[in-house]
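Side chains are part of it too, since the values below use all heavy atoms of this structure and drop only hydrogens, waters and symmetry mates. This one's a predicted model, so the numbers in the text were calculated from it and none came from an experiment.
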Amino acid sequence: MTLSICTAQLNFVVGDMPGNAQKIIAAAREAYAQGARLLLTPELAICGYAAEDLFMRPAFIAACDDAVKTVARETAGLKGLAIVLGHPQAVAPDAPAFSACFNAASVLRDGQIEQTYAKRELPNYQVFDERRYFVAGDKPCVFEVEGLRVGVLVCEDAWFPEPARDAAAAGAQLLAVINASPFHVGKSSERETTMRERVTETGLPLVYAHLVGGQDEVVFEGRSFALDADGSVAGRGPAFEEKLVFAQVQQAQGAIKIKAIVDPEKSWEADLWNALVLGVRDYVGKNGFPGAVLGLSGGIDSALVLAIAVDALGADKVRTVMMPSPYTADISWIDSRDMATRMGVRYDEISIKPQFEAFKAALATDFVGLPEDTTEENLQARIRGTLLMALSNKFGSIVLTTGNKSEMATGYCTLYGDMAGGFAVIKDVAKTRVFDLARWRNANDPYGTGANPIPERIITRPPSAELRPDQKDQDSLPPYEVLDAIVARYMENDEPIESIIASGFERADVERVTRLIKLNEYKRRQAPVGIRVTRRSFGKDWRYPITSKFRA
């Protein structure tokens, strides 16, 4: 017996149930034509992941039900094709507003819904809020296709032993896991390791179907895979691209083997780059922006964001603006012009000196006798933010902000200034990784938009906000290698202050950084959404009160 399984590794749009249904129908027809008799779709494929409080609206659930029926009806002619379809399902057909629903997976075949499985393990950590929306199921789901008994699991179910064991006890010979598991650097190896544990415990091979695409702050990288019963990787789909991924399941003398193409693993830099590119492309595209505009400063952060934006959108949809102040070094505009030329984007220069002098003149009476300080520095940043937002309003392009995670952590950014914009591309990328990515991109051209796009001097010069004479970032912050390590330990891993100090960091540095993290919560609450690429970002998985006396 040989069964061809197709994983529909597709990019869905949250709330576009008719469009998502048509994409699934098209995938089913193509998979069927290529011989597949089992099609796996990702978790909540019919509505996209994650729909958040839309799950609380009865009209939304009704629209999902209609889309499921559409898929069943339109694929009825594909005789013998079983489709595992992810969708929400109301607990009761007449459920009132704000009632919970199931995170479901239905088996569709020959125009009928044969059975429906409800996700049992509901994650409520990091970016997940599933207990807010869903009721947990308690029963396994096993169905037969081409003589093979398949047990269905939904994402988090496969991170715990019991659901897989129950599927095996119910007669499953293969586990089919449908997923929407957000990306962070290193997550793919964690998934394969955990799924290998389920395979080892049950003795069953496993096919892991995964979503691809960007949704607000999270990115799903695809990379669907299959494991043989011995835990070895039998197949792996490509990362960060839509693909119908096929696997051939062969059964002989009771043994089951899977044959498929194994896409090679990539470096962490390549994964991170592709995640950022996909996050920008989908946020801009799915929200209907005609393009993007960003302030190009001659520094490494804006240079990196420009390279990501061009790889994501194309040079014709990206505009850059250099806004020199009295403290802008000549090399900054020289390098900015150079990079804009290398990337082939529109480049404009708008001096902010007249506006800066006008603001200072307007405030001169109130500020008489007081020295210049961060007030005047912030004025410059806010003038730039105002100009960028004006261009955005006039032409419709979204402003991409250029602040990194190190700055978000410590507040080394200006509210309503360089934080002003619609999408924070590298909000979850620490400064040390900004340098790593810049060097990686100069050595690689993954999207064919131009080799070596970032002038070397941008990478090698000391970072500076250039808001006062001879300013350097390290004038007011610890070295980035130290800062980023403390942020990772304290913010991403919840390590206590005393433990960080005991591991070798200077007490003064640890106290300073953690104090800044606490003090600047009010800024982060007002920052634009940005792409999550670590296991904990300053987004949905960081929820601290602004007003609080506690510091860990």
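The OH atom of Tyr208 sits 9.5 Å away from atom CG of Leu206, with the distance rounded to the nearest 0.5 Å. Residue Arg382 holds its CZ atom at 8.5 Å from OG1 of Thr375, rounded to the nearest 0.5 Å. The OH atom of Tyr347 sits 12.0 Å away from the CE atom of Met339 when rounded to the nearest 0.5 Å. A distance of 13.0 Å separates CD of Glu521 from CG of Leu516, quoted to the nearest 0.5 Å. Atom CG of Leu294 sits about 10.5 Å away from atom OG of Ser397, to the nearest 0.5 Å. Separation of atoms CG (Leu276) and CZ (Phe183) is listed at 8.0 Å; rounding is to 0.5 Å.
Enclosure of atom CD in Glu506 is not indicated, since only 12 or fewer non-hydrogen atoms of other residues, nucleotides or ligands lie within 6.0 angstrom. Environment of CZ in Arg457: crowded, with over 12 heavy atoms of neighbouring residues, nucleotides or ligands closer than 6.0 Å. Within a 6.0 Å radius of CZ in Phe435, more than 12 heavy atoms belonging to other residues, nucleotides or ligands are found.
Stacking of Arg433 on the aromatic ring of Trp268 is recorded, both the 6.0 Å distance cut-off and the 45° axial limit being met.
Using a 4.0 Å cut-off between charged nitrogen and carboxylate oxygen, Asp311 and Lys317 do not count as a salt-bridge pair. Under a 4.0 Å N-O distance rule, the pair Glu269/Arg439 does not qualify as a salt bridge. The pair Glu162-Arg165 does not count as a salt bridge, with every side-chain nitrogen at least 4.0 angstrom from each carboxylate oxygen. With respect to Glu156 and Arg120, no salt bridge is recorded, no charged nitrogen being found less than 4.0 Å from a carboxylate O. A salt bridge does not link Arg223 to Glu265: none of the charged nitrogens lies less than 4.0 Å from a carboxylate oxygen. No salt bridge links Glu52 with Arg132; every basic N to acidic carboxylate O contact stays at or beyond 4.0 Å.
At distances below 3.5 Å, not a single donor-acceptor pair connects side-chain atoms of Thr374 with backbone N or O atoms of Glu377. Within the 3.5 Å criterion, the main-chain N or O of Arg337 finds a donor-acceptor partner in the side chain of Thr341. Side-chain atoms of Gln9 come within 3.5 Å of backbone N or O of Pro238 as a donor-acceptor pair. Here the side chain of Arg524 pairs a donor or acceptor atom with the backbone of Met408 at under 3.5 angstrom.
For the pair Ser336 and Met322, the tightest heavy-atom approach, listed with the atom from each and the gap, is OG-SD, 4.0 Å.
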Stepwise side-chain contact (heavy atoms from CB on, under 4.5 Å) check, Leu304 with Trp273: CA-CA 10 Å; Leu304 187 70; Trp273 188 267; 3.5 Å; yes
Output, in order, the C-alpha distance, side-chain angles, deciding distance and verdict of ring-ring contact (aromatic ring centres under 6.0 Å, His included) for Phe12 and Tyr49. CA-CA 8 Å; Phe12 299 104; Tyr49 193 100; over 10 Å; no
Which is it for Val280 and Ile531 under the side-chain contact (heavy atoms from CB on, under 4.5 Å) test, yes or no, and what are the steps along the way? CA-CA 8 Å; Val280 170; Ile531 306 169; 4.0 Å; yes
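Looking at Asp129 and Asn124, their side chains never bring a donor and an acceptor atom within 3.5 Å of each other. In this structure, a donor-acceptor pair under 3.5 Å is present between the side chains of Ser302 and Ser297. Under 3.5 Å, the side chains of Glu481 and Thr432 contain no donor-acceptor pair of N or O atoms.
Taking the six-membered ring for Trp and thresholds of 30 and 60 degrees, His210 and Phe220 have ring planes more than 60 degrees apart, a perpendicular arrangement. Below 30°, between 30° and 60°, or above 60°: for Tyr283 and Phe423 the angle between ring planes is below 30°, a parallel geometry.
Between Glu221 and the choices Lys243, Arg191, Lys266, Lys187, the salt bridge (Lys or Arg N to Asp or Glu O under 4.0 Å) rule is met once, by Arg191. Of the candidates Asp436, Asp301, Asp484, Asp301 is the only one forming a salt bridge (Lys or Arg N to Asp or Glu O under 4.0 Å) with Lys431.
In summary, the aromatic rings of Phe128 and Tyr125 are positioned with their centroids under 6.0 Å apart.
Residues in residues 491-503 take part in these salt bridge (Lys or Arg N to Asp or Glu O under 4.0 Å) pairs, two or more places apart or across chains: Lys405-Glu492, Arg489-Glu495, Asp494-Arg536, Glu498-Arg507. Screening residues 318-327 for salt bridge (Lys or Arg N to Asp or Glu O under 4.0 Å) gives Arg319-Asp348 as the qualifying pairs, with residues at least two apart or on separate chains.
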